[in-house]
Amino acid sequence: MENKELHPAEAFLRNPENSSSLYVRIEGRRRRLFINRNTGLIGIIALGRRKKGYIFSEWDTIEKVYFPTNRKKADNTSRLVLKYKKLASLASHSNSWLRRIAEADPSKSLYENGITTGTTIDGKCIRMSTIEKYCGSMSMTLFRQAFKRGESYSTRRFDFQGYDGTLWCEPDGKGDMKAGFSKEFRGCGNGYYYLLINDDNMIGYDID
């Protein structure tokens, strides 16, 4: 028996490396197909619904397939790099990390530019005023004074939105200062790590 070639839309959905949904045009309307990875069944979202659908097999009714492109990913990459550049330009201090941001190529990712380790907190900001609400004005004052004098400083762990927070700064060994904020799981040395990108904001750098 001769094997029937899969419709391009079906072939796309059955490839586990692709998205589990795909837009097509049927009878002049834009419709969304989806695949259940557990059962292998392919369905179509019902008209007027957002989530509910039914099994789909009428491949010959598809008039056009809207295959995804890499443009959205490229736009997001550029947007994140430009965000770091804009925020870093507001800094009253400088260090090797901030200079790396200034020289970053928007066509490359934050990770490729050596700005972050490439995690889900890329681009996520925490305002210094928010941190101060949890660590207290005294700790924030001591932090800013130490940073200005070029000295090391670290708060004790403090409660920060259900995590253990730590605010710190230290000389980078190259004549500049670096500073950051650690948001770690309670009683644990793992969590989310941010670096000071300007006087008012910490921004995502790493997850451990």
Side-chain angles (χ1 to χ4, degrees), residues 1-87 101 104-127 130 160-164 181-186 188 190-195 197 201-208:
M1 182 177 178
E2 186 179 352
N3 291 327
K4 184 178 179 181
E5 185 176 352
L6 294 179
H7 187 281
E10 181 178 6
F12 177 91
L13 290 171
R14 294 201 181 283
N15 185 340
E17 295 183 1
N18 293 331
S19 169
S20 61
S21 66
L22 180 69
Y23 283 97
V24 298
R25 186 174 68 199
I26 298 175
E27 295 183 348
R29 295 186 179 212
R30 186 180 173 94
R31 306 287 299 276
R32 184 161 67 91
L33 301 180
F34 62 91
I35 185 170
N36 184 317
R37 297 289 185 201
N38 295 323
T39 65
L41 293 176
I42 292 177
I44 185 169
I45 298 298
L47 290 173
R49 299 298 185 96
R50 290 186 176 182
K51 296 183 179 181
K52 293 186 177 181
Y54 49 88
I55 294 176
F56 179 82
S57 60
E58 300 175 349
W59 301 101
D60 57 349
T61 63
I62 295 177
E63 300 164 354
K64 182 178 180 179
V65 181
Y66 300 96
F67 290 108
T69 67
N70 290 326
R71 181 170 181 177
K72 184 176 181 181
K73 181 178 180 181
D75 288 347
N76 187 55
T77 294
S78 177
R79 180 182 61 80
L80 281 173
V81 172
L82 292 175
K83 178 178 182 177
Y84 277 68
K85 281 179 172 290
K86 180 179 180 180
L87 291 172
I101 292 174
D105 182 350
S107 68
K108 297 181 179 179
S109 69
L110 292 169
Y111 173 76
E112 291 171 323
N113 277 297
I115 297 173
T116 73
T117 60
T119 71
T120 56
I121 63 169
D122 281 4
K124 299 289 180 64
C125 285
I126 299 179
R127 294 186 63 82
T130 300
F160 183 85
Q161 300 174 347
Y163 293 86
D164 285 340
F181 174 65
S182 303
K183 190 177 77 170
E184 297 175 314
F185 298 103
R186 289 288 172 83
C188 179
N190 301 96
Y192 305 90
Y193 302 93
Y194 300 75
L195 292 180
I197 195 166
N201 294 281
M202 293 284 183
I203 198 164
Y205 173 72
D206 188 23
I207 294 178
D208 181 23

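Pairing each heavy atom of R37 with each of N18, the nearest pair is NH2-O, 3.0 Å. Minimum interatomic distance between V81 and P106 (heavy atoms only, all atoms of both residues): CG1-CA, 3.9 Å. When all heavy atoms of L22 and F67 are compared, the pair lying nearest together is CD1-CA, 4.1 Å. Across all their heavy atoms, C125 and L87 have their closest contact at SG-CD1, 3.6 Å. Taking all atoms of both residues into account, the shortest heavy-atom contact from Y84 to G123 is OH-N, 2.9 Å. The minimum heavy-atom distance between E58 and F56, with the atom names listed, is O-CZ, 3.2 Å.
Formation of a donor-acceptor pair under 3.5 Å by the N113 side chain with backbone atoms of I101 is not found in this model. Of the possible polar contacts, none joining the S182 side chain to the E184 backbone as a donor-acceptor pair under 3.5 Å is found. Of the possible donor and acceptor atoms, none in the side chain of Y205 sits under 3.5 Å from a partner among the backbone N and O of T117. With hydrogens and angles disregarded, no donor-acceptor distance shorter than 3.5 Å links the side chain of R14 to the backbone of I35.
With sequence neighbours left out, the salt bridge (charged side-chain N to carboxylate O under 4.0 Å, His left out) criterion links D206 to no other residue. Not counting sequence neighbours, the partners of F160 by the ring pair (Phe, Tyr, Trp, His ring centres under 6.0 Å) test are Y134, F181. The ring pair (Phe, Tyr, Trp, His ring centres under 6.0 Å) check on F185 picks up Y163, Y192, with sequence neighbours excluded.
Counting non-hydrogen atoms of neighbouring residues, nucleotides and ligands closer than 6.0 angstrom, the CD atom of E27 reaches no more than 12 such neighbours. Counting non-hydrogen atoms of other residues, nucleotides and ligands closer than 6.0 Å to OH of Y111 gives a total of 12 or fewer. More than 12 heavy-atom neighbours from other residues, nucleotides or ligands sit within 6.0 angstrom of CZ on R30. Counting heavy-atom neighbours within 6.0 Å of L47 CG, excluding the residue itself, gives a total above 12.
The CG atom of L13 lies 10.5 Å from the NE2 atom of H7; values are rounded to the nearest 0.5 Å. Annotation: the span from E63 atom CD to I26 atom CD1 amounts to 8.0 Å, rounded to 0.5 Å. With rounding to the nearest 0.5 Å, the separation of NZ in K183 from NZ in K124 is 8.5 Å. In this structure, CD1 on I121 lies 5.0 Å from CD1 on I207, to the nearest 0.5 angstrom. Atom OG in S20 sits 9.0 Å away from atom CZ in F12 (nearest 0.5 Å). Interatomic distance, CD1 of I44 versus OG1 of T61, reported as 7.0 Å (0.5 Å rounding).
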_Apply side-chain contact (heavy atoms from CB on, under 4.5 Å) to residues T116 and L80 and explain how you reach the verdict._
CA-CA 11 Å; T116 73; L80 281 173; over 6 Å; no

*Give the intermediate values and the outcome of side-chain contact (heavy atoms from CB on, under 4.5 Å) for residues W59 and V24.*
CA-CA 10 Å; W59 301 101; V24 298; over 6 Å; no

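Considering only heavy atoms from C-beta on, T77 stays 4.5 Å or farther from E112 through its side chain. Between Y193 and T119, every side-chain heavy-atom pair lies at or beyond the 4.5 Å cut-off. At a threshold of 4.5 Å between non-hydrogen side-chain atoms, the residues L82 and K86 do not count as touching.
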